Amino acid sequence: MGKITKLEDIVSLCKRRGFIFQSSEIYGGLASCYDYGPLGVELKNNVKKAWWKAVVQMRDDIVGLDCSILMHPLVWKASGHTDKFADLIAECKKCNVRTRVDHLKERVEEAAEEHTKHVSIESAMARAEDLSNKVCPNCGTVGKFTEPMPFKLMFETQMGANVDDSMTLYIRPETAQGIFANFRNVLDTTRVKIPFGIAQIGKSFRNEVTTKAFIFRTREFEQAELEFFCEQGTDEKWYEHWRRARFKWYTDLGLKKENLRFREHEANELAHYAKACVDIEYRFPFGSGDWQELEGIANRTDYDLRQHQRGMRTVNKWYENNRDLTNIELADEAGDFEKGPLSYFNDEQKKRYIPYVIEPSAGIDRSALAFLVDAYDEEMVRGEQRNLLRFHTAIAPIKVGVFPLVKRDGMPEIARNIYDDLKRYFNCFYDEKGAVGRRYRRQDEAGTPFCVTVDGQTIKDNTVTVRDRDSMDQVRVSTDKLVSHLREKLDL
RNA sequence: GCGGGUGUAGCUCAGUGGUAGAGCGUCACGUUGCCAACGUGAAUGUCGUGGGUUCAAGUCCCAUCACCCGCUCCA
């Protein structure tokens with residue numbers, strides 16, 4: 001690992017090389033929002049492609065999906081997000097530290113209420129009215145709190161141009177619910193059989209209480225989520241399967257093993273729907289909170305599908321309430337919920353049931369940054385420092401650089417032809433400016449795995465040199481074998 | 001949201017209330033036959049933003065925005 005020891009170094013590298021810019025920078029920036037530059041968008045797209053290939057393309061038991069970001073409001077009522085995706089926070093007037101109200105403890109030492117849960121704002125408000133005996137966990141002051149402030153973690157927006165006739169919608173805080181909402185459609189149209197999965201990549205939005213830390217926790221972010229449906233009883237086996245498979249995905253794409261680890265969730269930090277959850281964390285090379293979550297793998301049980309069956313039974317009530325979610329209670333679960341509309345029928349066993357779900361949920365932005373940081377390297381070559389990004393070939397934004405050795409004797413024309421040919425297969429970059437060594441180094445900094453150079457010998461025997469980024473070694477390859485040579489090397 | 005810090009060229013950073021700077025990078029021309037060579041030249045600045053004090057503000061004051069560190073938070 002090179003000299004990246006601070007987050008600022010990463011921010012600087014990302015800016016300098018055109019990977020990531022601050023959003024709206026010319027207007028002074030917008031907190032927590034970032035843009036991907038020319039190299040960054042290639043990197044990010046490659047990360048998404050690699051995920052899709054491993055999770056969808058290479059598997060017979062998983063299909064893809066791309067859902068709209070705006071969904072029916074009842075989706076979020078049923079999923080629990082409208083109630084439970086809101087925290088009530090009070091601030092200690094003495095030390096100004098904010099704490100979730102449900103985390104506050106009585107002054108009298110009570111049986112420690114370890115199992116904290118998100119609850120609806122209404123009930124939390126009712127329960128939290130009296131903070132006079134609560135202790136600030138930071139400074140120990142008793143009963144000096146501000147009024148509890150509700151935090152809405154979902155973005156809201158209006159649908160409908162006519163102001164009088166518009167409806168408040170939520171911008172999805174996770175892609176998962178779109179998958180659950182389409183469970184029936186996929187069953188009916190694709191001949192999948194349990195166990196099977198549905199995968200989706202897309203943007204999600206959360207009003208985090210605090211953001212900070214570059215792109216690790218942004219309010220707009222991209223997720224790659226798989227909902228893998230299986231029969232209850234097999235869920236633990238599949239949970240183990242996906243833990244291993246997802247960890248391997250990161251190492252297969254070049255992340256160093258010593259920078260990756262699992263972190264099991266304790267029982268008291270599990271989400272309201274989860275039976276088990278583990279994070280895959282990456283050790284970013286800076287600061288104190290260096291291990292950061294890249295992906296969480298959760299056993300969501302049959303919670304979501306059962307909840308949506310309740311949601312479907314609530315539609316009329318919602319409509320009668322003028323399409324207003326407030327003061328609406330989710331309909332009770334049917335007695336025979338296992339035979340409901342989101343159930344699965346196993347034709348061999350003649351058995352109908354609501355499947356369990358294993359959910360690997362990866363942060364694309366975080367992963368892209370981990371790949372970037374992990375690939376960064378500095379080394380001394382003949383007394384000069386060489387900066388390079390040792391990207392896995394699948395991740396590298398540019399696959400091949402194409403150069404004429406010098407800008408004469410017909411070399412640029414030949415190199416151009418080769419470039420025009422290669423770019424049909426790979427993302428290539430043509431460069432004829434300045435000394436060739438400089439061009440090599442520039443591609444090293446962008447992480448380009450191979451550079452093809454046309455030289456004097458090319459004119460005589462139609463061979464070119466192919467230079468390897470990591471070793472800087474060169475081999476001569478006949479131009480008519482160049483595409484197949486690079487394809488093999490790049491595994492494309 | 002609290003405390004601390006930062007904000008000047010694409011990047012890293014100098015800059016004493018009085019002409020806006022360096023290194024690296026970028027571009028052009030020449031040279032250059034394989035790893036950041038050299039020469040000549042050039043471009044690039046709302047000094048984060050807005051107000052105030054002053055004859056004069058990058059510099060002093062106020063507000064604000066953004067980022068970093070710590071706390072806090074985090075399905």
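Naming: A, B, ... by sequence-line order, numbering from 1 per chain. What you are looking at is a predicted structure, and each value in this text was computed from that prediction instead of being measured.
Nucleotide B:rU64 holds its P atom 18 Å from the CG atom of A:L30, rounded to whole Å. Between A:I26 atom CD1 and B:rG48 atom P the separation is 17 Å, expressed in whole Å. Taking atom CZ of A:R382 as the reference point, atom P of B:rC34 lies 10 Å away to the nearest angstrom. In this structure, CD of A:E384 is placed 9 Å from C1' of B:rA37, rounded to the nearest angstrom. In this structure, the CD atom of A:E8 is 13 Å from the C1' atom of B:rC13, given to the nearest Å. Here the P atom of nucleotide B:rA75 and the CD atom of A:Q177 are 16 Å apart, to the nearest Å. The CZ atom of A:F205 sits 20 Å away from the P atom of B:rA75 (whole-angstrom rounding). What separates CE of A:M380 from P of B:rA36 is a distance of 12 Å, to the nearest Å.
Pair check for B:rG25 finds none; no Watson-Crick or G-U wobble contact set falls under 3.5 Å. The partner of B:rC67 is B:rG5, judged by Watson-Crick or G-U wobble contacts that both fall below 3.5 Å. Of all nucleotides present, none satisfies the Watson-Crick or G-U wobble test against B:rU54 with each distance under 3.5 Å. B:rU16 makes up no base pair with any nucleotide shown, lacking Watson-Crick or G-U wobble contacts both under 3.5 Å. In this structure, B:rG30 forms a base pair with B:rC38, meeting either the Watson-Crick or the G-U wobble geometry with both donor-acceptor distances under 3.5 Å.
Salt bridge annotation for A:E281-A:R261: present, with a cationic side-chain nitrogen under 4.0 angstrom from a carboxylate oxygen.
Between A:K433 and B:rA28, a side-chain N or O to OP1/OP2 separation shorter than 4.0 Å is present. Applying the 4.0 Å criterion to OP1 and OP2 of B:rA36, one finds that A:Q385 has every side-chain N and O outside that range. Here A:S361 does not reach the OP1 or OP2 of B:rA75: none of its side-chain N or O atoms lies under 4.0 Å away. Contact check, A:R438 against B:rA37: a side-chain N or O comes under 4.0 Å of OP1 or OP2. Of the side-chain N and O atoms in A:R442, one or more sit less than 4.0 angstrom from OP1 or OP2 of B:rU26. Dashed line: the shortest gap from a side-chain N or O of A:R408 to OP1 or OP2 of B:rU31 is not under 4.0 Å.
Closest-nucleotide positions on RNA chain B for A:S12 and A:Y34 were compared, and the one nearer the 5' end corresponds to A:S12.
With hydrogens and angles left out, the side chain of A:R386 and the base of B:rC35 share no donor-acceptor pair within 3.5 Å. If you check distances only, the side chain of A:R467 does reach the base of B:rC35 with a donor-acceptor pair under 3.5 Å.
A distance-only check finds a donor-acceptor pair linking the side chain of A:Q223 to the backbone of A:T175 [under 3.5 Å]. In this structure a side-chain-to-backbone donor-acceptor pair under 3.5 Å is missing from A:Q200 to A:G178. No donor-acceptor distance shorter than 3.5 angstrom exists from the side chain of A:K44 to the backbone of A:I364, with no hydrogens or angles considered.
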Can you give me every donor-acceptor pair (side chain of residues 237-244 of chain A, partner residue at least two apart or in another chain, under 3.5 Å) with its distance?
residue, atom, partner, partner atom, Å
A:Y239, OH, A:C277, N, 3.4
A:Y239, OH, A:V278, N, 3.3
A:H241, NE2, A:R59, NH1, 3.0
A:R243, NH1, A:E264, OE1, 3.1
A:R243, NH1, A:E264, OE2, 2.8
A:R243, NH2, A:E264, OE2, 3.1

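Across B:rU32, B:rC34, B:rA75, the shortest atom-to-atom separation from the side chain of A:H81 is found for B:rA75. Among the nucleotides B:rG33, B:rA37, B:rC34, the one closest to the side chain of A:D409 is B:rG33. When distances are taken from the side chain of A:A31 to each of B:rG33, B:rC34, B:rC67, the shortest belongs to B:rC67.
A 4.5 Å side-chain heavy-atom check between A:T314 and A:I328 finds at least one atom pair inside the cut-off.
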